[in-house]
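Scroll down for the structure; my scribbles are underneath it.
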Amino acid sequence: MSDLTRMTAAELAGTIAKGDASAEEVTRAHLDRITAVDGKVHAFLHVDADGAIDAARKVDAKRAAGQELGPLAGVPIAVKDVLTTRGVPTTAGSKILEGWRPPYDSTVVERLRDAGTVILGKTNMDEFAMGSSTEYSAYGPTNNPWDLGRIPGGSGGGSAAAVAAYEAPLAIGTDTGGSIRQPGAVTGTVGAKPTYGGTSRYGLIAFSSSLDTPGPCARTVLDAALLHEVMAGHDWRDSTSIPQPVPPVVEAARRGMSGDLTGVKLGLVTEFDAGEGAEPGVMAAFHDALAALTKLGAEIVEVSAPHFQYALPAYYLIAPSECSSNLARFDGVRFGLRVGDDGNRSLEEVMSLTREAGFGAEVKRRIMLGTYALSSGYYDAYYGQAQKVRTLITQDFNAAFEQVDVLVSPTTPFVAFPFGSRTSDPYQMYLADLFTIPTNLYGGPGISVPCGLSEGLPVGFQIMAPTMADDRMYRVAAALESAVGTLTPPSLEG
Ligand code: GLN
């Protein structure tokens with residue numbers, strides 16, 4: 001039998017449904033792969049081998065009993081360690097949650113279980129999803145399977161690397177400013193951020209509640225769409241969840257695979273080309289992909305989005321403000337770590353010793369920034385102003401979508417960078433999300449698809465669509481994939 005770890009999720013589901021391999025065999029193949037390569041990659045913080053085998057056997061029993069299997073039944077999946085998993089350690093990449101075993105499943109995880117996917121374990125990430133490289137994980141970075149001396153992107157670098165390294169065909173990420181799309185881009189995989197509210201935040205450890213969006217990571221567009229459909233949809237437990245049907249993303253991906261984009265208008269944001277822009281190698285791959293899309297019948301239209309240039313500064317006020325409030329719950333009383341509780345210290349002292357020891361430098365930087373931006377006297381000047389900019393960016397998107405079907409850009413300005421090269425200057429790290437952040441502020445969907453190499457490293461192509469038109473971006477993404485193919489990293493063996 002061909003190597004099960006090289007198959008797509010769609011192929012694996014078909015193989016299991018036909019009985020050519022059992023879900024248990026598929027799961028064991030992936031667990032073996034993790035054992036073989038994760039010492040080098042460090043995509044996982046926790047592998048739940050027993051739980052995975054159990055889940056796989058349930059699928060096999062269901063099949064044996066002649067019951068109907070869902071489209072991803074028996075397919076292994078890795079979950080970013082920011083989503084709660086009942087009884088299974090969940091750290092959000094932070095020391096402050098070391099050893100915490102949540103008493104409940106997040107909605108996304110619950111839906112994965114109901115669909116019969118097999119959860120292999122929890123993946124590494126920047127602490128509380130703040131970062132673009134996984135270098136801010138309290139448990140050490142993840143290494144990019146393309147070059148182990150380089151970052152796999154962040155904050156969801158573990159999920160993207162697990163998929164790129166064939167440790168899992170699918171993974172879950174979360175995207176607040178780019179944390180699904182940017183890791184997808186730099187690892188040569190597909191990463192999609194659904195419309196905000198299209199996937200539930202219940203049980204997602206909050207970073208910035210008005211931006212956080214769970215979404216799929218995969219090696220093909222169709223696989224991402226299949227996972228999207230399984231994990232998305234209204235959830236009464238999340239007040240910002242959209243009470244509407246999931247856009248038909250799988251159908252759209254299949255339609256796109258035919259490679260016909262006749263009549264589809266792609267908007268090229270003129271402002272993205274100005275200013276700091278992207279590396280020449282990234283721009284070259286991006287323009288080659290545009291040419292390929294034109295051959296499929298798409299029309300390129302230049303559109304202006306004059307406020308996109310203010311997205312990064314607005315994001316770095318809104319996200320830290322929300323995180324300063326959200327992270328107040330880590331007080332040494334309710335979850336995980338507690339430091340200095342010797343019976344003589346006050347609650348306040350224990351709280352501050354716990355937070356001092358439990359949070360890393362980037363998290364502290366954001367809490368301080370956010371607390372300052374929200375303080376009375378500065379609120380209007382910083383947080384209030386940033387919210388106004390957010391409205392202007394939304395208006396730019398709305399105006400653009402009157403002229404075009406989707407917007408396109410490179411996903412990231414640069415390819416995977418070497419470890420340590422951007423940690424000394426926070427702004428250099430923040431620039432990784434220059435092209436992804438506008439979408440989060442607007443709330444629409446965005447996807448990154450591999451479109452080629454620059455200096456031997458993957459380049460991502462970003463497609464952004466109107467809110468609840470996630471299917472549109474999948475169609476274009478699948479068409480692009482049909483034209484340029486998927487990317488295969490160098491072997492990790494030997
Ligand atoms: N890199 C961005 C940040 O550090 C986005 C992170 C994310 O999407 N979770 O905030």
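In this chain, residues are counted from 1 in sequence order. Atoms within a ligand are numbered from 1 in the order they appear, just like the ligands themselves.
Those atoms of ligand 1 with a heavy atom of Ser132 less than 4.0 angstrom away are 1 (N). Atoms of ligand 1 found under 4.0 Å from any heavy atom of Ala129, numbered from 1 in the order shown, are 6 (C), 7 (C), 9 (N). For ligand 1, the atoms closer than 4.0 angstrom to any heavy atom of Ser155 are 9 (N).
The shortest distance between side-chain heavy atoms of Phe128 and Phe359 falls below 4.5 Å.
Residue Asp433 touches ligand 1 through its side chain alone, judged by heavy-atom distances below 4.0 Å. Heavy atoms of Arg366 found under 4.0 angstrom from ligand 1 belong exclusively to the side chain.
Checking side-chain atoms of Thr84 against main-chain N and O of Ser106 turns up a donor-acceptor pair under 3.5 Å. A distance-only check finds a donor-acceptor pair linking the side chain of Arg338 to the backbone of Gly332 [under 3.5 Å].
Taking a cutoff of 4.0 Å between a charged side-chain nitrogen and a carboxylate oxygen, Asp331 and Arg334 qualify as a salt bridge. Of the charged side-chain nitrogens involved, at least one lies within less than 4.0 Å of a carboxylate oxygen, so that Glu110 and Arg237 count as a salt-bridged pair. The pair Asp175-Lys193 does not count as a salt bridge, with every side-chain nitrogen at least 4.0 angstrom from each carboxylate oxygen.
Residue contact annotation: Ala319 has no non-hydrogen atom under 4.0 Å from ligand 1. In this structure, Tyr315 counts as a contact residue of ligand 1, since one of its heavy atoms falls inside 4.0 Å of the ligand.
Nearest to atom 3 (C) of ligand 1 among the protein's heavy atoms is Tyr316 OH, 3.2 Å. Counting only heavy atoms of the protein, atom 7 (C) of ligand 1 lies nearest to Ser179 OG, 2.3 Å.
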